[in-house]
Protein chains: 2
Amino acid sequence: MEAVSFKEQQFKVREDLIVVAANRLLATKGFDLMTMEDVATAVGVSKGILYKHFASKETLAAAAMVRVLRGALAAIEALPAEQPAIAKLKAALAWTLQARLAGGVPLLPSSSPNLQRSLFSSPDYTAAAFRMNHVISTLVHEAVAQGHLRGDVPGEVVVNSLYSRTCDPAFDLLRATGRYTDDQLVEHLVSLCFDGLATRGGLVLTRAA
Amino acid sequence: MEAVSFKEQQFKVREDLIVVAANRLLATKGFDLMTMEDVATAVGVSKGILYKHFASKETLAAAAMVRVLRGALAAIEALPAEQPAIAKLKAALAWTLQARLAGGVPLLPSSSPNLQRSLFSSPDYTAAAFRMNHVISTLVHEAVAQGHLRGDVPGEVVVNSLYSRTCDPAFDLLRATGRYTDDQLVEHLVSLCFDGLATRGGLVLTRAA
DNA sequence: GTCTATATGTGGATAGAC
DNA sequence: GTCTATCCACATATAGAC
């Protein structure tokens with residue numbers, strides 16, 4: 001009994017190592033270029049063993065996505081409730097960018113039909129993605145209602161823009177220059193996303209009464 | 001003489017068809033998922049003939065990139081000189097997004113080392129990319145000097161952000177919903193890029209004297 | 001120059017020894 | 001459960017007929 005439990009535990013630990021390694025590889029090479037061989041050597045096991053844990057490469061990628069989605073959801077829910085919605089949204093984007101710096105966020109969009117099918121046929125993934133979409137949409141609507149987010153653009157457009165900023169290629173390009181600290185990078189990206197590239201040309205800002 | 005010239009002309013026309021088809025496929029499937037077979041059937045020729053025009057898949061992709069870069073450069077240079085720099089930058093982004101709607105812009109970033117090497121070993125590509133970088137950087141610095149673009153973010157960061165907006169995945173996702181016209185899509189994306197997601201919370205805008 | 005057929009390499013997935 | 005060896009499908013690139 002004890003031995004079995006221990007082995008099962010080891011199995012779970014290894015599975016987590018596999019997912020973490022896949023995460024990193026997906027973040028750097030993307031789904032199409034990542035090979036199961038890559039994952040195996042990164043973890044230090046043989047290729048065949050991966051299929052004892054995951055039925056296919058797509059299933060493994062789905063597991064990696066779920067891991068990140070759940071982490072992001074937990075981070076958002078851990079934010080102080082008294083924060084206004086826009087602050088939560090900024091924090092969520094910053095968290096995701098930090099996660100990308102740390103271990104990698106496997107959000108590289110591959111248009112592989114196999115992957116798409118596999119993702120949406122995974123209950124874990126669809127549940128996490130649906131929940132994430134709900135949480136972010138709600139925050140966006142709150143922020144609009146509070147006058148902190150522009151109301152002249154459909155909420156859907158805002159949500160998608162936020163999502164795409166988490167996998168902004170500019171982030172990696174700028175990071176590769178080595179001219180910025182991690183915090184500077186995150187700050188710049190978040191600021192550009194929410195405040196835009198432009199000043200308010202010809203206009204000055206006055207505090208409202 | 002005439003016959004040879006005609007054949008050469010035909011050859012060039014076909015080459016252009018190949019590049020256009022590759023463009024579209026690169027925009028939809030990306031470099032990794034696009035196969036030479038795809039390109040061949042799209043053009044309506046056999047697979048082998050592609051290698052009479054291009055030495056490799058990477059070379060073909062480079063040609064597609066060069067085509068788009070040159071088109072974008074021409075579009076920027078055709079803008080009225082009296083326009084302020086920020087207007088030119090907005091127009092350039094809008095042009096690229098329109099081009100993406102029309103025929104596709106093959107900017108899907110593949111981290112394939114083969115592709116990277118092939119791109120940077122192509123004089124045509126490096127020249128076009130260098131020139132594009134120069135043109136955009138100059139416009140950004142002008143716009144900052146004119147007070148239209150934020151000066152608190154390094155120019156390099158602004159340039160990279162602009163670049164990454166041209167291949168923003170949100171664009172395709174929103175387009176796929178079918179709820180927006182092409183013009184609305186472009187307008188929203190350009191507006192979000194320059195003006196940001198946020199209102200100026202608690203502030204009202206007053207025109208300067 | 002264009003096609004058909006094929007050589008070559010690679011990567012996902014499986015079989016079988018231990 | 002883990003490894004080694006292998007199968008199979010597919011994609012790049014080439015060879016050879018016409």
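Predicted model only: the values in this text are computed from it and were never measured. Order of the sequence lines fixes the chain letters, A, B, ..., with proteins taken first and strands second; residue numbering starts at 1 for each chain.
Salt-bridge check for A:R131 with A:E77: passed, with a basic side-chain N closer than 4.0 Å to an acidic carboxylate O. Salt bridge annotation for A:E156-B:R179: present, with a cationic side-chain nitrogen under 4.0 angstrom from a carboxylate oxygen.
Side chain to side chain, A:R150 and B:S191 meet the donor-acceptor criterion of an N or O pair below 3.5 Å.
For the pair B:M36 CE and D:dC10 C1', the computed distance is 15 Å after rounding to whole Å. Taking atom CG of residue B:N114 and atom P of nucleotide D:dA13, one finds them 9 Å apart after rounding to whole Å.
Here chain A contacts DNA chain C (any atom closer than 4.0 Å to a heavy atom, that is under 4.0 Å), and the contacts span C:dG11 to C:dT14 from 5' to 3'.
The environment of CZ in B:F130 is sparse: at most 12 heavy-atom neighbours from other residues, nucleotides or ligands sit within 6.0 Å. For CD of A:E15, the number of neighbouring non-hydrogen atoms (other residues, nucleotides, ligands) closer than 6.0 Å is greater than 12. Around atom CD of A:E187, no more than 12 heavy atoms belonging to other residues, nucleotides or ligands sit under 6.0 Å away. At most 12 non-hydrogen atoms from other residues, nucleotides or ligands lie less than 6.0 angstrom from CZ of B:F120.
Each of B:M65, B:R67, B:R70 was scored for a side chain to side chain contact (heavy atoms under 4.5 Å, CB included) with B:D124, with one residue passing: B:R70.
Taking every heavy atom of residues 45-60 of chain B and every atom of DNA chain C, pairs under 4.0 Å involve B:V45, B:S46, B:I49, B:K52, by number.
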